[in-house]
Engineer: 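Pasting a structure below so you can have a look.
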Amino acid sequence: MTVALNPRIRVRKAVPADAEAITNTMHDGFSIDAMHQLMYPNGASDDSRRKFAARLFPPTPPPPNEGERFIMVAELLPEGSDGPGEIVAFSEWTLFRNSRAEEEWNVKEEPRTQEQLGEGCNVHVFNAFIGGLHRKRREHMKGDPGLDLSVLGTLACQTNRQRLGAGKALLHWGTTLADELSLPLFLESSPFGYNLYRQFGFETIDVFDIPVFDLYGTVKREGQNWGELVALEFAGPLAKGCARNAIMRRPAKSP
């Protein structure tokens, strides 16, 4: 696939000094998402923002069975300049170069606590939604080698900086790495990123439909996107009162 990239968008590896900008981008980028609104019903508190930022750059590296982690940011450069740029999007990736034994990947995930997630986060919704997506990912990725676009970091873009090509540039970085290593790519797509991921060769392999009304009594407001147009060919129409995310895979390229 030939990708036309915006020359004013620069992708680079994130550093600890970027943590606040990444955190703000994540919460701003998903502020219109129905599940994010349920997880943070009053918006993200200062405490929850601090907890998220602290998780981005832990003092000790994760164990080998948790893969290699990459956090990339997309900067919007000033017109006619090569920097410094404004961070407008980010993505978080986990690379598994080799196969893992079942006891390494098929591990029950402990529910997150209020202390871990911060004040104001609805822990029950978070664990049901994020935990459910993680279970789906384990079912399909298993212990196979691959590159995973992490659901907790995912790919987020500032709402006032969309359609500049930042998300496309980050996806180009990830797909290029996967192709160089001849590895498949996995991700969980919100309704907002679904069409972009399809443009990059991702295919739906499963869906995660959440009965939002039955569980939380939430009614879809006018203009909200609950995923009614996501994966229709794969899973059919979305049931009333449900929100849909797609589990997607991009096949490995032959070396």
Side-chain angles (χ1 to χ4, degrees), residues 9-31 33 35-36 39-40 44 48-75 87-97 105 109 112 116-118 121 126 129-138 140-141 145-159 161-162 166-178 181 183-190 192-194 196-197 200 202 245-250:
I9 296 293
R10 176 173 63 193
V11 173
R12 64 167 174 82
K13 188 175 181 180
V15 297
D18 299 325
E20 182 178 359
I22 292 172
T23 300
N24 292 337
T25 297
M26 194 279 288
H27 285 292
D28 177 68
F30 284 98
S31 61
D33 182 83
M35 294 310 301
H36 190 274
M39 288 188 289
Y40 299 92
S48 65
R49 289 175 185 270
R50 283 193 295 270
K51 297 293 173 57
F52 181 87
R55 184 192 66 80
L56 293 170
F57 300 97
T60 56
N65 68 301
E66 294 185 11
E68 301 172 48
R69 194 156 158 264
F70 301 89
I71 301 178
M72 309 301 296
V73 295
E75 296 179 308
I87 293 176
V88 296
F90 83 101
S91 57
E92 183 176 350
W93 309 80
T94 305
L95 172 63
F96 298 98
R97 295 179 184 269
W105 64 264
E109 187 172 303
R112 298 296 181 102
Q116 291 173 317
L117 297 174
C121 179
F126 184 97
F129 178 54
I130 301 298
L133 286 173
H134 283 182
R135 286 192 296 274
K136 286 282 189 180
R137 180 176 53 190
R138 286 196 299 272
H140 291 283
M141 193 171 183
L147 184 61
D148 176 45
L149 183 55
S150 168
V151 67
L152 283 180
T154 193
L155 192 157
C157 181
Q158 291 181 20
T159 53
R161 295 298 194 187
Q162 293 178 353
K168 184 183 292 185
L170 289 166
L171 276 175
H172 181 257
W173 181 90
T175 54
T176 299
L177 175 62
L181 299 173
L183 292 176
L185 267 160
F186 295 84
L187 59 80
E188 299 91 7
S189 173
S190 74
F192 303 96
Y194 182 70
L196 177 61
Y197 297 139
F200 275 79
F202 285 89
N245 282 248
I247 315 302
M248 306 185 78
R249 180 182 186 272
R250 182 177 182 269

Engineer: Give a yes or no answer on whether the side chain of Ser48 reaches the backbone of Gly118 with a donor-acceptor pair at less than 3.5 Å.
Structural biologist: no
Engineer: Angle between ring planes, Phe90 versus Phe52, binned at 30° and 60°: parallel, tilted or perpendicular?
Structural biologist: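 Aromatic pair Phe90/Phe52 classed perpendicular.
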Engineer: Below 4.0 angstrom, N of the basic side chain to O of the carboxylate: do Arg69 and Glu92 qualify?
Structural biologist: yes
Engineer: As an exercise, state the distance from CZ of Arg250 to CG of Leu171, rounded to the nearest 0.5 Å.
Structural biologist: 9.5 Å
Engineer: Begin from the C-alpha positions of Phe186 and His140 and carry the test ring pair (Phe, Tyr, Trp, His ring centres under 6.0 Å) through to its verdict.
Structural biologist: CA-CA 9 Å; Phe186 295 84; His140 291 283; 8.2 Å; no
Engineer: With a 4.5 Å cut-off on side-chain heavy atoms, are Arg97 and Leu181 touching?
Structural biologist: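 Touching, per the 4.5 Å side-chain cut-off.
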Engineer: Do Arg49 and Asn24 touch side chain to side chain, with heavy atoms closer than 4.5 Å?
Structural biologist: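 Yes. Closest side-chain heavy atoms under 4.5 Å.
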Engineer: Quickly, which of Thr25, Ile87, Val15 forms a side-chain contact (heavy atoms from CB on, under 4.5 Å) with Val73? Name it, please.
Structural biologist: Ile87
Engineer: Does the side chain of Arg137 come within less than 4.5 Å of Ile247's, by heavy atoms?
Structural biologist: no
Engineer: Any idea which heavy atoms bring Ser91 and Leu170 closest together, and the distance?
Structural biologist: OG-CD2, 3.6 Å
Engineer: Quick one, Trp173 with Phe70, criterion ring pair (Phe, Tyr, Trp, His ring centres under 6.0 Å). Give me CA distance, side-chain angles, the key distance, then yes/no.
Structural biologist: CA-CA 11 Å; Trp173 181 90; Phe70 301 89; 5.8 Å; yes
Engineer: Going from CZ on Phe126 to CG on Leu117, what distance comes out if it is rounded to the nearest 0.5 angstrom?
Structural biologist: 5.0 Å
Engineer: Would Asn245 and Phe129 satisfy side chain to side chain contact (heavy atoms under 4.5 Å, CB included), going step by step from the backbone distance to the final call?
Structural biologist: CA-CA 10 Å; Asn245 282 248; Phe129 178 54; 3.7 Å; yes
Engineer: For a 4.5 angstrom cut-off between non-hydrogen side-chain atoms, does Leu95 reach Leu183?
Structural biologist: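 Result yes, sub-4.5 Å side-chain heavy-atom pair found.
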Engineer: With a 4.5 Å limit on heavy-atom distance, are the side chains of Phe96 and Glu68 in contact?
Structural biologist: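 No - every pair of side-chain heavy atoms lies 4.5 Å or more apart.
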Engineer: Is there side-chain contact between Arg135 and Glu109, with at least one heavy-atom pair below 4.5 Å?
Structural biologist: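 Of all side-chain heavy-atom pairs linking Glu109 with Arg135, none is under 4.5 Å.
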Engineer: What's the shortest heavy-atom distance between Ser31 and Thr159, and which atoms?
Structural biologist: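 Shortest heavy-atom separation between Ser31 and Thr159 comes out as OG-CG2, 4.2 Å.
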Engineer: Could you give me the CA-CA distance, side-chain angles and deciding distance for Leu196 and Phe202, then say whether side chain to side chain contact (heavy atoms under 4.5 Å, CB included) is met?
Structural biologist: CA-CA 9 Å; Leu196 177 61; Phe202 285 89; over 6 Å; no
Engineer: Where is the tightest heavy-atom contact between Ala166 and Cys157, given as atom of each residue plus distance?
Structural biologist: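 So the minimum-distance heavy-atom pair works out to CB-SG, 4.4 Å.
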Engineer: State the CG-CE distance between Leu187 and Met141, to the nearest 0.5 angstrom.
Structural biologist: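 Leu187 atom CG to Met141 atom CE measures 10.5 Å (nearest 0.5 Å).
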Engineer: Is any side-chain heavy atom of Lys13 closer than 4.5 Å to one of Met72?
Structural biologist: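 Touching, per the 4.5 Å side-chain cut-off.
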Engineer: I need the full list of salt bridge (charged side-chain N to carboxylate O under 4.0 Å, His left out) pairs touching residues 18-28, with sequence neighbours left out, sorted by first then second residue.
Structural biologist: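 Sorted result for residues 18-28: Arg12-Asp18.
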Engineer: Might you point out which heavy atoms bring Gly174 and Leu185 nearest each other, and give the distance in Å?
Structural biologist: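 Between these two residues, the closest heavy atoms are O-CD1, 4.1 Å.
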Engineer: Please report the shortest heavy-atom distance between Pro62 and Gly67, naming the atom on each side.
Structural biologist: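 For Pro62 and Gly67, the tightest heavy-atom pair comes out as CG-O, 4.0 Å.
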Engineer: Quick one: are Leu56 and Thr23 in side-chain contact, heavy atoms under 4.5 Å?
Structural biologist: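 With C-beta onward as the side chain, the pair touches.
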Engineer: Just verifying a value: how many Å separate Ser190 OG and His36 NE2, rounded to the nearest 0.5 Å?
Structural biologist: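 Those atoms lie 11.0 Å apart.
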Engineer: Show your reasoning for whether side chain to side chain contact (heavy atoms under 4.5 Å, CB included) applies to Arg55 and Arg50.
Structural biologist: CA-CA 9 Å; Arg55 184 192 66 80; Arg50 283 193 295 270; over 6 Å; no
Engineer: Check the pair His172, Phe200 against side chain to side chain contact (heavy atoms under 4.5 Å, CB included), reporting the backbone distance first and the verdict last.
Structural biologist: CA-CA 8 Å; His172 181 257; Phe200 275 79; 4.3 Å; yes
